[in-house]
There are 2 protein chains.
Amino acid sequence: MQDQKSASPAGANLLFLREAEIRAAQDMLFFAYRDFTNAADVILEELGLGRAHHRVLHFIGRNAGMSVGDLLAVLRITKQSLARVLGALIEDGYVAQAQGRADRRQRLLTLTAKGEDLERRLFERQRERIVRAYREAGPAAVDGFRRVMRGIMDDDAHAFVDTADLARETVRKG
Amino acid sequence: MQDQKSASPAGANLLFLREAEIRAAQDMLFFAYRDFTNAADVILEELGLGRAHHRVLHFIGRNAGMSVGDLLAVLRITKQSLARVLGALIEDGYVAQAQGRADRRQRLLTLTAKGEDLERRLFERQRERIVRAYREAGPAAVDGFRRVMRGIMDDDAHAFVDTADLARETVRKG
DNA sequence: AAACTAAGACAGGATTGTTGACGTAGACTA
DNA sequence: TAGTCTACGTCAACAATCCTGTCTTAGTTT
């Protein structure tokens, strides 16, 4: 109870790190994630799929041709947890497997046309939210958002995000 | 595949809303939430508690004296889902109930000393991440982060965040 | 008195995650 | 080439977290 620095003359550098600010960040991460993921649930429910299926569709779409091991590393779940979800997506024709050329043990994952279609529908729901938030906040705020989010995640997630960014840059300039 | 605006001379106002930017936001929300929530898992596991327990502790701590109904509205889960988790926390002595004065049907929830203690330990783990992220990004970025997160969540979550902010302001100036 | 509301409880089920063990095919290495 | 390691799949059992639906009790409201 004595951590209130009500009379502190400290500048913004110190002030914005006060406990209440950190707790507000906890709140925001919860609410933003809750409502962002919820946005796609209506479509998923119609198809008898869950959020786990959406995550798999998302990352395969983002990283076409990734191996099962890559996907496990990104999702940070066990092989058995993924098996159920991925198996259902393959059986329903949303995801296709191809034997790796360099390493034939690998099963490289891609979205089928049907899978791309579904992923896009799911994406559009979430897109609305991000677009609204980005528009209201403005470009400078978006840059700040990215920098903070980057700092919150583990360093090894930076690699994934940076790779995706790099791929985007490559396509943009190619 | 034809949504790449590689040769577009559009300014930042339009450019930052390109699809790839939105998809990057999806990635970031996933990774940041994944790693942020994971930060407290070590402590929780020792006590045989899960993330659901942490969420309950967090929001009761943030909003001492809230009713069960309030908590259900914030968490957006069913009464039955909450019952197990809340019941365990009460039985273990982390959370206390008190009959409402205005409405005696209500059970107003507060953290016990033991509950505050645990919540603080859990908080410290997550605090490190936020502090690091905020420090690296700087005050301007933090402001942007807040604005964007606010835009992503539902409007009715704004009320909660604003209320918490207001309470903070009140305490600060009191 | 009747209708509504807050909370708790019981029964049953779905999703998503876990650990552990085992098998196959392919890659690597001594 | 033989032995070892790796990528993937699979079977079994289990745990956490969520769900729907129904019912009861107590207290509030009209």
Side-chain angles (χ1 to χ4, degrees), chain A residues 30 33-34 37-38 40-60 65-92 95-110, chain B residues 30 33-34 37-38 40-60 65-92 95-110:
Chain A
F30 173 77
Y33 192 78
R34 181 196 69 175
T37 54
N38 183 253
D41 281 356
V42 184
I43 298 171
L44 290 168
E45 200 175 10
E46 284 175 4
L47 300 169
L49 302 175
R51 289 178 183 174
H53 301 88
H54 187 187
R55 286 194 288 274
V56 168
L57 287 173
H58 169 76
F59 283 111
I60 296 176
M66 75 192 305
S67 70
V68 173
D70 290 342
L71 187 53
L72 286 173
V74 167
L75 296 174
R76 292 240 188 114
I77 58 176
T78 58
K79 200 167 39 164
Q80 293 73 12
S81 294
L82 178 59
R84 263 190 310 257
V85 174
L86 185 56
L89 290 173
I90 290 170
E91 191 168 351
D92 292 354
V95 171
Q97 288 174 313
Q99 197 172 49
R101 286 162 303 175
D103 186 337
R104 286 184 301 171
R105 291 172 304 179
Q106 293 183 331
R107 300 286 174 270
L108 305 183
L109 304 168
T110 51
Chain B
F30 173 78
Y33 192 78
R34 180 194 71 177
T37 53
N38 183 254
D41 281 355
V42 184
I43 298 172
L44 290 167
E45 200 175 11
E46 285 174 3
L47 300 169
L49 302 175
R51 288 178 185 175
H53 302 87
H54 187 188
R55 287 194 288 272
V56 169
L57 287 173
H58 169 77
F59 282 111
I60 295 177
M66 74 193 307
S67 70
V68 174
D70 289 343
L71 188 53
L72 287 172
V74 168
L75 294 173
R76 293 238 187 114
I77 58 176
T78 60
K79 202 166 38 165
Q80 294 73 15
S81 294
L82 177 60
R84 261 189 313 262
V85 174
L86 184 56
L89 290 173
I90 291 170
E91 193 168 353
D92 293 356
V95 172
Q97 288 174 313
Q99 199 173 47
R101 286 162 303 174
D103 188 336
R104 286 183 302 171
R105 291 171 304 180
Q106 293 184 330
R107 301 285 174 269
L108 306 184
L109 304 167
T110 51

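Below, chain A is the first sequence line, B the second, and so on; all start at residue 1. Note: hydrogens, waters and symmetry copies are ignored here, and every other heavy atom, side chains too, is used.
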Exercise for review: Mind calculating the distance between CG (B:Leu44) and C1' (D:dT17) to the nearest angstrom?
Suggested key: 14 Å

Exercise for review: Would you mind reading off the distance between B:Arg84 atom CZ and D:dC19 atom C1', rounded to a whole angstrom?
Suggested key: 9 Å

Revision key, fill the gap. Whole-Å distance, B:Gln99 CD to D:dT28 P, equals 8 Å

Check your understanding: Looking at side-chain heavy atoms only, is the closest gap between B:Phe30 and A:Leu75 below 4.5 Å?
Key -> yes

Exercise for review: Whole angstrom is fine here: how far is it from CG in A:Leu108 over to C1' in D:dC8?
Suggested key: 12 Å

Point to revise | Which residue lies more 5' along DNA chain C, comparing B:Gly69 with A:Arg107 via nearest heavy atoms | key: B:Gly69

Exercise for review: Compare side-chain N and O positions of B:His53 against OP1 and OP2 of D:dT17 and report whether any pair is under 4.0 Å apart.
Suggested key: yes

Study note, to complete from the structure: Looking only at D:dC8, D:dT28, D:dT22, the nucleotide nearest the B:Arg105 side chain is D:dT28

Study note, to complete from the structure: Note: for A:Leu82 and A:Arg104 on DNA chain C, the residue whose nearest nucleotide lies more 5' is A:Leu82

**Study point:** side chain to side chain contact (heavy atoms under 4.5 Å, CB included) partner of A:His54, chosen from A:Leu44, A:Leu49, A:Ile43
**Key:** A:Leu44

Review point. Base, sugar-phosphate alone, or nothing: which one does B:Ala52 contact when heavy atoms must sit under 4.0 Å apart?
Key: sugar-phosphate

Review point. What is the distance from atom CZ of A:Arg107 to atom CG of A:Leu86, rounded to the nearest 0.5 Å?
Key: 12.0 Å

Exercise for review: Answer whether the closest heavy-atom distance between the side chains of A:Gln99 and A:Leu108 falls below 4.5 Å.
Suggested key: no

Check your understanding: First and last nucleotide of DNA chain C in contact with chain A, 5' to 3', at under 4.0 Å to a heavy atom: what are they?
Key -> C:dT16 to C:dA27

Revision key, fill the gap. In terms of heavy-atom contacts, A:Val74 and B:Arg34 come closest through O-NH1, 2.7 Å

Check your understanding: Rounding to a whole Å, what distance do you find between A:Leu75:CG and D:dC8:P?
Key -> 13 Å

Point to revise | Rounded distance [0.5 Å steps], CG in A:Leu89 versus CD1 in A:Ile60 | key: 7.0 Å

Review point. Can a side chain N or O of B:Thr78 be found less than 4.0 Å away from OP1 or OP2 on D:dC19?
Key: yes

Exercise for review: Would you kindly give the CD-to-C1' distance between B:Gln106 and D:dG27, to the nearest whole Å?
Suggested key: 11 Å

Exercise for review: Figure out the CD/P separation between B:Glu45 and D:dA16, and round it to whole Å.
Suggested key: 10 Å

Practice item. Quickly work out the A:Gln80 CD to D:dC8 C1' distance and round it to whole Å. Key: 11 Å

Check your understanding: How is B:Arg51 classified with respect to the nucleic acid when contacts are heavy atoms under 4.0 Å: base, sugar-phosphate, or nothing?
Key -> sugar-phosphate

Practice item. State, to the nearest 10°, the angle formed by the axis through the first five base pairs of the helix from C:dA1-D:dT30 to C:dA30-D:dT1 and the axis through its last five. Key: 30°

Check your understanding: So what does B:Gln97 touch, heavy atoms closer than 4.0 Å: a base, only the sugar-phosphate, or nothing?
Key -> sugar-phosphate

Revision key, fill the gap. In this structure, NE2 of A:His53 is separated from CZ of A:Arg55 (nearest 0.5 Å) by 10.0 Å

Review point. Roughly how far, to the nearest 0.5 Å, is the NZ atom of A:Lys79 from the CG atom of A:Leu71?
Key: 13.5 Å

Revision key, fill the gap. Taken to the nearest 0.5 Å, the spacing of A:Met66 CE from A:Leu72 CG works out to 9.0 Å

